[in-house]
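Structure first, then comments.
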Amino acid sequence: MCISSILPTMAKQAKTAITPTRAENYPEWYQQVVKRSDLAENSAVRGCMVIKPWGCALWENYQQVLNGMFKATGHKNAYFPLFIPKRFLEKEAEHVEGFAKECAVVTHHRLEAGPDGTLVPSGELEEPLIIRPTSETIIGDAFSRWIESYRDLPLLINQWANVVRWEMRTRLFLRTSEFLWQEGHTAHASSEEAMEETERMLDVYADFAENWMAMPVITGEKTAAERFPGAIRTLCIEAMMQDRKALQSGTSHFLGQNFAKAQDITYQSEEGKLEHCWTTSWGVSTRLIGAMVMTHADDDGLRLPPRLAPSQIVILPMTSRADDPEAVLNFCRKIADDLRVIPYHGRHIEVEIDERDLRGGEKNWQWVRRGVPIRLEVGQRDMAADSVFMARRDQGHKDKQTIERTAFVSRVHDILEEIQANLYDQAIAFRKNHSCEIDSEEDFRAYFAPPSGEPTPPHGGFAWAHFCGDEDVEKRINDELSVTVRCIPLADGEPGTCIFTGKPSLKRVVWAKSY
RNA sequence: CGGGGCGUAGCUCAGCUUGGUAGAGCGCCUGUUUUGGGAACAGGAGGUCGCAGGUUCGAAUCCUGUCGCCCCGACCA
């Protein structure tokens, strides 16, 4: 559909809070949702974003839950420097190759007044410092000193940090020059143990994505072409966005002994032999917020899964026509107090009362756009009937219902869980509708052929097809169709024959266009 | 780094072709009427038109240079 064909009938269509809609222009819709839901905005610095309070509160909840999961699996937090000496990065050849092109480099440590009031860098550093694009090397340096004996293993460390990758093109949350993330780094005495750790942390990510973000993911392994620089194996979780593209949402790497050898991370075994450690690294970033937006948001803005929402409930007091506005407010405060003591997934239900002096409609739509799971409109009528008027973000914005106050308080936990489940079910149904098994190259090409239209409308999806693993074929398909192997699923599959070469294939792999 | 586009009020943009006192909508402030759903009316604040040169009596407008941003590719979490 092109926009010009929509305009004449626009008046008849339901007004949406976000313009354009997903169908009209998906990338622009995404940017608008992020901005209009108050998550973040572009900053004065190229490619960097300002995360606003609403987005920051959301990220804090991600951190809190993930941090708990990391602790529960035996990891401890530490913090390493932002700067990495250049020689550290030079140690692992493949690693340098992978990141060198996108590193910010600090070469001076002082500014001096130049002509016309400008500032000129001065005091050149003897060795340039690289702003970390990831911390394998600087953490590996610490590990090489911390680990002496098999008794020091496994060493399980996580850090919450910002990293910088000087990307060519950026998009809020999905790819920014600076982003927030956590990176886990572990060292083990054996290959098997390290591989178990790699799989365990992938499971943690999948658990978080599905049970907290309500975002279905496929767990799998990357092909060599998509592997992390320096890794032996890269495991990942892949999710489908509403334009049917895949988004890599988390990765867990088995690094073998590559980094241990490059950085001299050794231990003395029980038998007294000096051995190299086996290491892993794994990370998720603020990209997960972008993933949530593109999984759940609709044409009216964000839809937050209750378990991670900064506030599960907002109360909108309708005081303008009340005989006694203060009484209505007190009624609202009482409801909030009753709700705030209800436990909800390790926290308590968070309630906001929006007493701002704004018109009802304006205020209401702000919270719709921000994606709060439940809105309660409470006025004199409700107070008189001892009830609340509830709107759920997973339902149409006119499907509101009156619920007796005490019934609402006792049911609210279940309602939130229902919303959480609904979001998940809708996402998984969407993925199912746009996934299919493909058994010939011809069908494959037809599946991914873009329909006409400017901008390109959503098309394709996840194609489950047999593939022999030939790297040249993979590259050719990427060049011709912009489609890549998102992952080789970890789940069991039936053997078959490659749709491109006719050679044997162990199982179907997932092909898709991706971010 | 290639290809395209754009820098004018807080935001979105018109004005530029054909040089002559800086515009609109939204937002913001004040007032009145409103208010169970994205209000109406009236008044008001707010801009040396990205920057630097040049042409001219006179430049947002023409010329040259420069910086920045956005979009599409290549690259990537």
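Every chain is numbered from 1, with letters handed out A, B, ... down the list of sequences.
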Return the value, rounded to whole Å, for the distance between atom [atom1] of [X] and atom [atom2] of [N].
| X | N | atom1 | atom2 | value |
| --- | --- | --- | --- | --- |
| Leu358(A) | C28(B) | CG | C1' | 12 Å |
| Arg375(A) | G36(B) | CZ | P | 15 Å |
| Asp357(A) | U35(B) | CG | C1' | 11 Å |
| Glu178(A) | C76(B) | CD | P | 21 Å |
| His253(A) | C76(B) | NE2 | P | 14 Å |
| Lys475(A) | C75(B) | NZ | P | 8 Å |
| Glu226(A) | C75(B) | CD | P | 10 Å |
| Gln32(A) | C11(B) | CD | C1' | 11 Å |

Fill in the blank from the handout: Assign each of Gly379(A) and Ser285(A) the nucleotide of RNA chain B bearing its closest heavy atom; nearer the 5' end lies the nucleotide of Gly379(A)

Practice task
Select from Met318(A) and Gly98(A) the residue whose nearest nucleotide in RNA chain B is closer to the 5' end of that strand.
Solution key: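 Residue closer to the 5' terminus by nearest nucleotide: Met318(A).
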
Using the [atom1] atom in both, what is the distance from [N] to [M], to the nearest Å?
| N | M | atom1 | value |
| --- | --- | --- | --- |
| A39(B) | G27(B) | P | 8 Å |
| G47(B) | C62(B) | P | 25 Å |
| G3(B) | U66(B) | P | 16 Å |
| G15(B) | G23(B) | P | 16 Å |
| G44(B) | C6(B) | P | 35 Å |
| G31(B) | C49(B) | C1' | 33 Å |
| G19(B) | U55(B) | C1' | 11 Å |
| U8(B) | C13(B) | P | 9 Å |

Kindly point out which of [options] is positioned nearest to the side chain of [X]?
| X | options | answer |
| --- | --- | --- |
| Glu102(A) | C76(B), U35(B), G38(B) | C76(B) |
| Arg175(A) | C76(B), A74(B), G38(B) | C76(B) |
| Gln31(A) | G38(B), C76(B), C71(B) | C71(B) |
| Glu167(A) | C75(B), G38(B), U35(B) | C75(B) |
| Arg381(A) | G36(B), G38(B), C76(B) | G36(B) |

Practice task
For C76(B), take OP1 and OP2 only and decide whether either is under 4.0 Å from a side-chain N or O of Gln248(A).
Solution key: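 For C76(B), neither OP1 nor OP2 has a side-chain N or O of Gln248(A) closer than 4.0 Å.
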
Exercise for the section: Report yes if a side-chain nitrogen or oxygen of Arg359(A) is closer than 4.0 Å to either non-bridging phosphate oxygen (OP1 or OP2) of U35(B); otherwise report no. Expected result: no

So, for [X] and [Y], is the gap between ring centers shorter than 6.0 Å?
| X | Y | value |
| --- | --- | --- |
| Tyr62(A) | Phe208(A) | yes |
| Trp282(A) | His185(A) | no |
| Trp511(A) | Tyr447(A) | no |

Regarding [X], tell me which of base, sugar-phosphate or nothing describes its non-hydrogen contacts under 4.0 Å with the strands shown.
| X | value |
| --- | --- |
| Arg369(A) | base |
| Ser514(A) | nothing |
| Arg36(A) | base |
| Lys398(A) | nothing |
| Leu174(A) | base |
| Phe179(A) | base |
| Gln380(A) | base |

Less than 4.0 Å between a side-chain N and a carboxylate O, is that true for [Y] and [X]?
| X | Y | value |
| --- | --- | --- |
| Arg370(A) | Glu352(A) | no |
| Arg393(A) | Asp298(A) | yes |
| Glu355(A) | Lys363(A) | no |
| Glu480(A) | Arg476(A) | yes |
| Glu41(A) | Lys35(A) | no |
| Arg405(A) | Asp338(A) | yes |

Handout entry: Any residue of residues 382-392 of chain A with a heavy atom less than 4.0 Å from an atom of RNA chain B
Key = Asp382(A), Phe389(A)

Problem - His95(A) versus Glu97(A), side-chain donor and acceptor atoms under 3.5 Å - result: no

Exercise for the section: Specify whether His253(A) and Phe228(A) have parallel, tilted or perpendicular ring planes, treating 30° as the upper limit for parallel and 60° as the lower limit for perpendicular. Expected result: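 Parallel.
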
Handout entry: Secondary-structure stems, RNA chain B, at least 3 Watson-Crick or G-U base pairs under 3.5 Å
Key = B:1-7 with B:67-73, B:10-13 with B:23-26, B:28-33 with B:39-44, B:50-54 with B:62-66

Exercise for the section: Would you name the heavy atoms of Lys513(A) and Phe448(A) that are closest together and state the gap between them? Expected result: NZ-O, 3.4 Å

